[in-house]
Amino acid sequence: EDTGQEALFDATIAADERIEPRDWMPDDYRASLVRQIAQHAHSEIIGMQPEANWITRAPSLRRKAILMAKVQDEAGHGLYLYSAAETLGTGRDELLDKLHTGRQKYSSIFNYPTLTWADVGAIGWLVDGAAITNQVPLCRCSYGPYARAMVRICKEESFHQRQGYELLLTLSRGTEAQHAMAQDAIDRWWWPSLMMFGPPDDESAHSAQSMAWKIKRHSNDELRQRFVDICVPQAETLGLTLPDPDLRWNEERRHWDFGPIDWTEFREVLKGNGPCNDERIGRRRRAHQEGAWVREAAAAHAAKHPAHTPH
Ligand code: FAQ
């Protein structure tokens with residue numbers, strides 16, 4: 001019986017078909033998906049903080065409306081992802097508790113501060129750009145609910161990326177001070193963006209198994225290289241410089257070579273020692289506590305209308 005189920009699972013993966021919530025799956029497959037989807041969901045909601053920092057100081061009504069919409073989209077992405085995790089049998093309460101007690105991670109990138117308005121542009125261009133590069137292949141992930149959530153998320157992320165690019169282009173072509181502000185933002189966000197793709201392949205604990213299960217379709221280093229290749233010509237059009245003296249076109253590889261990444265910094269940020277780790281998690285815990293009455297009220301309301309189903 002068990003071996004029959006496992007053979008069916010293996011055949012489904014081999015045929016590039018989808019695993020759905022009610023299908024049998026190995027415990028490790030389920031656990032690895034919960035791990036990745038939860039980390040992704042947490043990143044979306046923690047990722048609202050750095051940009052929200054600029055909503056009240058956006059330079060125009062138009063910029064403010066755009067930024068508010070973007071930050072709201074991120075809350076929505078978090079919700080689709082927590083729902084995808086729920087289909088694997090883990091509730092949102094449990095996942096949030098793990099985030100709040102440091103037992104699950106969120107992306108390293110959101111532990112860096114947003115010091116100027118140009119950082120909103122740099123996040124859109126580089127952070128959302130890296131997210132799209134990483135997430136487009138996840139639309140073909142072997143687990144159905146995650147793959148389908150990713151389709152909509154990627155569409156919204158591409159709008160976010162264009163928004164950041166356009167913001168930076170405006171600053172780059174503005175006054176000397178605006179141009180310098182844009183360049184400074186790129187100088188600070190470039191290397192942390194490259195770290196978003198995760199450790200180098202030979203140190204990536206989960207890559208081999210996740211690729212065999214077709215959760216991941218490409219390795220961390222492959223996607224990182226793809227991202228660098230996309231950014232170099234875009235930086236040129238922006239009139240801004242990427243802060244890497246080793247960036248060089250390699251005709252043989254037909255890729256851009258780039259300099260060494262500071263993996264010590266990456267490990268420190270993951271350990272909780274990045275510039276904003278305490279602030280981000282502290283604010284998240286506070287928001288959760290302050291929202292307790294909303295959750296209680298919603299549960300009380302639901303209990304009063306147990307049979308209610310939308311038509
Ligand atoms: N930060 O063995 P691997 C966004 C952890 S985009 C923190 O290579 P894996 C959009 C990893 O979890 C950002 N931790 O792991 C947005 C593992 O630890 P564990 C979110 C990292 O899973 C934009 C350990 O290191 N996107 O939010 C990082 O095979 C703007 C070993 O690593 C996603 O999560 C890191 N950078 O590959 C929102 C995409 N890298 O779990 C707001 C989905 C690695 O054993 C504003 N996730 N780790 O404790 C993935 O594609 C993969 O999980 C990777 C890591 C590629 C991130």
Side-chain angles (χ1 to χ4, degrees), residues 28 31-54 67 70-78 80-81 84-85 98-99 102-112 114 119-141 143 146-147 149-150 153-154 156-161 163-164 189 191-213 215-224 226-227 261 263 265-272 274 277 280:
D28 292 348
S32 202
L33 275 168
V34 169
R35 178 188 63 75
Q36 176 167 329
I37 297 171
Q39 183 187 304
H40 195 166
H42 299 330
S43 303
E44 295 285 355
I45 63 166
I46 296 269
M48 296 169 74
Q49 293 184 33
E51 291 168 286
N53 181 36
W54 282 93
L67 184 56
K70 180 183 191 289
V71 173
Q72 284 177 6
D73 284 350
E74 283 148 11
H77 296 174
Y80 317 152
L81 288 162
K98 285 187 169 153
L99 170 66
R103 287 174 294 156
Q104 276 177 346
K105 297 185 171 75
Y106 59 90
S107 181
S108 52
I109 192 74
F110 301 117
N111 293 305
Y112 292 86
T114 41
D119 289 15
V120 172
I123 290 178
W125 179 43
L126 295 174
V127 178
D128 288 283
I132 296 166
T133 308
N134 168 272
Q135 285 162 213
V136 164
L138 292 174
C139 298
R140 293 187 297 121
C141 167
Y143 187 59
Y146 189 33
M150 216 44 68
I153 291 180
C154 283
E156 294 177 351
E157 300 283 26
S158 12
F159 162 72
H160 295 170
Q161 194 268 356
Q163 170 272 148
W189 289 90
W191 292 105
S193 303
L194 296 189
M195 296 175 194
M196 286 175 71
F197 294 90
D201 290 351
D202 53 11
E203 289 166 35
S204 167
H206 307 291
S207 278
Q209 183 56 263
S210 287
M211 284 169 72
W213 278 329
I215 295 173
K216 285 166 85 161
R217 296 284 180 161
H218 307 279
S219 77
N220 298 355
D221 286 330
E222 270 169 48
L223 292 172
R224 189 169 10 250
R226 188 177 290 182
F227 177 66
I261 293 173
W263 293 114
E265 174 178 322
F266 175 73
R267 282 188 292 269
E268 282 302 312
V269 173
L270 256 61
K271 272 196 272 174
N277 294 60
R280 300 290 185 243

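Numbering of ligands and ligand atoms starts at 1, following listing order.
Using the six-membered ring where Trp is involved, H77 and Y80 have ring planes that are tilted, between 30° and 60° apart.
There is a side-chain donor-acceptor pair under 3.5 Å between H40 and Q135.
The contact shell of ligand 1, taken as protein residues with any non-hydrogen atom closer than 4.0 angstrom, comprises R35, Q36, Q39, H40, S43, E44, G47, E51, K70, E74, K105, Y106, S107, S108, F110, V127, D128, A131, N134, Q135, L138, Y146, E157, M195, M196, F197, G198, P199, S204, A205, H206, S207, K216, N220, F266, L270.
The salt bridge (charged side-chain N to carboxylate O under 4.0 Å, His left out) search around E268 returns K271, not counting sequence neighbours. Taking the side-chain hydrogen bond (donor to acceptor under 3.5 Å, both in side chains) definition, one finds that S108 meets it with nothing, sequence neighbours left out. Remark: K70 pairs with E51, E74, D128 by the salt bridge (charged side-chain N to carboxylate O under 4.0 Å, His left out) rule, at least two apart or across chains.
Between the side chain of N220 and the main chain of F197, a donor-acceptor pair closer than 3.5 Å is present.
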